[in-house]
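The structure under discussion appears below in the form of structure tokens.
Just so it is clear, the values below take in all heavy atoms, side chains as well, and ignore hydrogens, waters and symmetry mates. This is a predicted model, so every value here is computed, not measured.
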Amino acid sequence: MSLEGPPWYVEDQDGNIIWDAVPERLLHNSDLRQRGIVLNCALKPGTVFRDLVQGGSGHVVKALDLNTEELSIYERLLRDIECPMNHTLPSEIVRAKHPLLIMPLLGTLNDCLHTEPTTLRSHLRIFYELIEGVEYLHSLRIAHMDIAMGNALFAYPNEAIYYDAVKPGRVYIIDFDTSQQFALGPGFQKAVALPETQVKPPSGITSFDPYSWDVYCLGRLFEYYLSTCYRSKGGRPPQIAQWYSQWLIGEERGCLDACNCRPTARTARRVLNILRFFSPLLDLYDYGSRWFILALP
């Protein structure tokens, strides 16, 4: 097994990086060739690549960085892939020369912003799966540390049919390169230094309870998701949904011990389950309110 880890860049004759190129070591990788995978371009230069399959089962290949915990985390998660709460994307690890993660090619949660119905019920179902997946990670004392729109995938039925283990309509969590495993679980773990993340920390805080940080990121994600969905249809998110996202975001006080500024993922999921139960009534109220406003002279 090679310890010469990624990123693996391709340079031209002048030493300039070709950002979308695939390195020779992957083009001629025996594990990939045995599976009929011919990579075509880079999704994340030097690290993540994809093949180009028209109307079929495409793949994404990630070169795992052995300086992170991603390999050991994926090994744990993929062993328990049948667990209903496990929202890890079904994948395969090959190790002939350097550990590679082979994943199905699915769309991100960003795609749902323009394709899924603008009903609170549909939004809460999608978000429930995401927060359920985070709760599962926390039960294993794993903090993702970079929950964001681009790190959540959605299995559309027309994509899922090409992969035996992928369930249509399911949300999957990816990218554990900044994730960490801890000896202590939620409610006991002290703050740790934040890695480079897609979500900006509040008030310039650099250390966070890692489990609480995941919940904070979930709140920011849900806030963005809702506002974008409803704004594109000329509406506003229901107040109860806005309250829920703000509840997850919380009022950060810079806790150095276990943080109580927001709920745990488990509590957040349980409350969300109650909201889902009442969501048909909330949708009806929202639709009726908009109809009444439009009917006014």
Side-chain angles (χ1 to χ4, degrees), residues 73 77 85-89 108-113 116 120-154 170-180 182 185-187 189 191-192 194-203 205 207-230 237-253 255 258-276 279:
I73 288 174
L77 297 177
M85 293 186 68
N86 186 351
H87 286 261
T88 306
L89 182 63
T108 69
L109 207 56
N110 270 307
D111 300 326
C112 296
L113 296 175
E116 288 301 289
L120 183 61
R121 186 177 186 179
S122 65
H123 299 325
L124 294 186
R125 186 198 71 79
I126 290 172
F127 195 69
Y128 182 88
E129 293 210 353
L130 184 57
I131 203 166
E132 180 181 62
V134 172
E135 180 190 352
Y136 172 77
L137 294 176
H138 291 183
S139 72
L140 299 179
R141 299 176 183 175
I142 298 171
H144 187 279
M145 305 298 288
D146 196 21
I147 296 292
M149 290 290 287
N151 288 339
L153 305 183
F154 184 78
R170 190 167 174 84
V171 176
Y172 292 102
I173 299 172
I174 61 169
D175 281 0
F176 294 89
D177 47 340
T178 59
S179 303
Q180 297 181 50
F182 297 95
Q189 176 61 45
V192 300
L194 287 177
E196 183 177 342
T197 62
Q198 298 180 59
V199 175
K200 184 179 180 181
S203 305
I205 293 174
S207 295
F208 232 97
D209 172 338
Y211 304 111
S212 189
W213 172 249
D214 279 353
V215 175
Y216 175 86
C217 292
L218 283 169
R220 288 299 186 194
L221 187 156
F222 194 45
E223 177 186 54
Y224 170 79
Y225 183 90
L226 283 173
S227 63
T228 303
C229 285
Y230 281 89
Q239 288 189 340
I240 190 67
Q242 295 182 58
W243 166 83
Y244 183 78
S245 61
Q246 291 303 314
W247 181 52
L248 299 190
I249 292 169
E251 296 184 11
E252 181 57 39
R253 298 185 294 271
C255 306
C259 184
N260 295 309
C261 298
R262 57 196 54 81
T264 63
R266 174 171 296 180
T267 300
R269 179 187 60 80
R270 289 173 173 173
V271 172
L272 184 57
N273 215 14
I274 297 174
L275 296 184
R276 291 182 67 201
S279 61

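- Among residues two or more places apart in sequence or in another chain, the side chain to side chain contact (heavy atoms under 4.5 Å, CB included) test is passed with T197 by D146, P195, W213.
- Counting only N and O atoms by type, the side chains of R220 and Y224 include no donor and acceptor under 3.5 Å apart.
- Residues forming a side chain to side chain contact (heavy atoms under 4.5 Å, CB included) with R270 (at least two apart in sequence, or on another chain): R266.
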- Message: With side-chain contact (heavy atoms from CB on, under 4.5 Å) as the criterion, how do Y216 and I205 come out once you've worked through the C-alpha distance, each side chain's angles and the decisive distance to 0.1 Å?
- Response: CA-CA 13 Å; Y216 175 86; I205 293 174; over 6 Å; no
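- Not one N or O on the side chain of Y230 forms a donor-acceptor pair closer than 3.5 Å with the backbone of P238.
- Between L120 and A241, the closest heavy-atom pair is CD1-CB, 3.8 Å.
- Inter-residue side-chain proximity for L77 and F176 is flagged as met; some heavy-atom pair is nearer than 4.5 Å.
- H87 places no side-chain N or O within donor-acceptor distance of the main-chain N or O of R170, the cut-off being under 3.5 Å.
- Between I249 and G219, the shortest heavy-atom contact is CG1-C, 3.7 Å.
- With sequence neighbours left out, S245 forms a side chain to side chain donor-acceptor pair (under 3.5 Å) with no residue at all.
- Minimum interatomic distance between N86 and Y136 (heavy atoms only, all atoms of both residues): CG-CE2, 3.4 Å.
- For the pair L89 and Y172, the tightest heavy-atom approach, listed with the atom from each and the gap, is CA-CD2, 3.6 Å.
- With a 4.5 Å cut-off on side-chain heavy atoms, H138 and T264 do not count as touching.
- By the 30° and 60° cut-offs, the orientation of the rings of H123 relative to Y225 is perpendicular.
- When the side chain to side chain contact (heavy atoms under 4.5 Å, CB included) test is applied to C259, the partners found at least two apart in sequence or on another chain are D209, S212, E252, C255, C261, R262.
- In terms of the ring pair (Phe, Tyr, Trp, His ring centres under 6.0 Å) criterion, residue partners of W243 (sequence neighbours excluded) are, by chain and number, W247.
- Every residue meeting the side chain to side chain contact (heavy atoms under 4.5 Å, CB included) condition with P210, not counting sequence neighbours, appears here in chain and number order: A143, M145, F182, Q189, V192.
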